[in-house]
Amino acid sequence: MPELPEVETVRRTLKTLVLGKMITDVHVYWSNCVITQDFEKKIIGQWIHDILRYGKYLVFVLDHHVMISHLRMEGKYYLHQKRLPSNHEHVVFDLNTQESLTYHDTRKFGKFELIDKNIYLDVPPLSLLGKEPKDTDPLTLYKRLKQKTIPVKMALLDQHLIAGLGNIYVDETLFRAGIHPEKKCHRLTKKDVNHIIYHAINVLSYATELGGSTIRTYHATHGVDGKFQNELKVHTKKDIPCEICHTPIIKIKVGGRGTYVCPTCQKK
DNA sequence: ACCACCTCCTGATCGC
DNA sequence: TGCGATCAGGAGGTGG
């Protein structure tokens, strides 16, 4: 499940592979993953000038549009010589170099959208996206959380409040901050929120440095594997002793999400 | 505004 | 061993 560090790794890899190339043809094999009408007609003939990232969204900057791509759980890109599509390849972009950029997504959850280049930051989904932890003002976040009764983990997964965290890095952030994922938002202190932001920034930047995490079925473009899974302290660590207090890590459900927590170090 | 719940999907895993 | 049921989950939508 790609989160900010994994998407950033994909962005950097893809930039080296497709910048300055033109999309000569597009094949959509699973139409539900494309939101835009006449997607193929609009995108053919445009050049790829840049690839940006906002939270977990990839933004391909073209001549007239941006193509917003969200990988959701299992989306992956591959660049290869033109060939027949294989299983789970739902969108194929033919390039002017005789290569194809292929989008592969087993669960078909990823989405593509074309938006006018001049307005894409002013319309959903990007207009609704919260700031990334490094740009988040602690007091502003504290005030918004103060009005909420949901568990802090659910708030941190809400991309409108803060962008980039997913299930893995929320668990890791809350462990490092010593806060229980079920703690209600309105009970968080300013100090709690400061700790959360501080550790979120650290976890995300360190994970990005290591190329993200490679767990379950996720890996970045071209078989690039991340190394941050070796740094995980709670996520996937059920029954393993906490490295601080040696209490076994437990797995619980918070808002329906599998959640790993040290029942001793993390306070409600 | 807030929040709980549903939907989309497939493959892995669980339980009888 | 086999096979149906359950689980996993990011974000958008719905309805209370």
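Reminder, nothing fancy here: chain letters follow the sequence lines and each chain counts from 1.
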Item checked: Partner set under side chain to side chain donor-acceptor pair (under 3.5 Å) for Lys108(A), not counting sequence neighbours -> none
Margin query: Students often mix this up, so state it plainly: with edges at 30° and 60°, are the rings of Phe39(A) and Phe93(A) parallel, tilted or perpendicular?
Written below: perpendicular
Note to self: I need the OH-P distance between Tyr54(A) and dA11(C), as an integer number of Å.
What the structure shows: 17 Å
Check: Closer than 4.0 Å, any side-chain N/O of Tyr57(A) to the OP1 or OP2 of dG12(C)?
Finding: yes
Notebook entry, point to check: What are the two closest non-hydrogen atoms of Val234(A) and Glu172(A), and how far apart are they?
Noted result: N-OE2, 2.9 Å
Next item on the list: Identify whether any heavy atom of Lys111(A) sits under 4.0 Å from a base atom; if not, whether one sits that close to sugar-phosphate; answer base, sugar-phosphate or nothing.
Entry: nothing
Next item on the list: Answer with yes or no whether Arg107(A) presents, from its side chain, a donor or acceptor under 3.5 Å of a partner atom in the base of dG10(C).
Entry: no
Notebook entry, point to check: Once you round it to whole Å, what is the distance between C1' of dG9(C) and CD of Glu6(A)?
Noted result: 14 Å
Margin query: Using heavy-atom distances to pick each residue's nearest nucleotide on DNA chain B, tell me which of Arg257(A) and Gln147(A) is more 5'.
Written below: Gln147(A)
Margin query: Distance check needed: dG9(C) P versus Leu165(A) CG, whole Å only.
Written below: 15 Å
Notebook entry, point to check: Under a criterion of less than 4.0 angstrom to any heavy atom of chain A, what are the 5'-terminal and 3'-terminal contacting nucleotides of DNA chain B?
Noted result: dC2(B) to dG11(B)
Next item on the list: Locate the shortest heavy-atom distance separating Arg72(A) from Lys111(A); write the atom from each residue and the value.
Entry: NH2-CG, 4.0 Å
Check: Rounded to whole angstrom units, what separation is found between the CG atom of Asp158(A) and the C1' atom of dG9(C)?
Finding: 15 Å
Next item on the list: Would you kindly give the CD-to-P distance between Glu74(A) and dA11(C), to the nearest whole Å?
Entry: 15 Å
Next item on the list: Grab the CD1-C1' distance between Ile168(A) and dG9(C) for me, whole Å please.
Entry: 11 Å
Note to self: By nearest heavy atom, map Arg144(A) and His88(A) onto DNA chain B; which one lands nearer the 5' end?
What the structure shows: Arg144(A)
Notebook entry, point to check: Parallel under 30°, tilted from 30 to 60°, perpendicular over 60°: which one fits the rings of His90(A) and His88(A)?
Noted result: perpendicular
Check: Shortest non-hydrogen contact from Pro133(A) to Leu204(A)?
Finding: CG-CD1, 3.7 Å
Next item on the list: Give the rounded distance in Å between these two atoms: NE2 of His70(A) and C1' of dA11(C).
Entry: 7 Å
Margin query: Looking at every non-hydrogen atom in both residues, tell me the closest pair between Leu62(A) and Lys117(A) and how far apart they are.
Written below: O-NZ, 2.9 Å
Check: Base, sugar-phosphate, or nothing: which does Pro125(A) touch, judged by heavy atoms less than 4.0 Å apart?
Finding: sugar-phosphate
Note to self: Without decimals, in angstroms, what is the distance between Asn167(A) CG and dG10(C) P?
What the structure shows: 5 Å
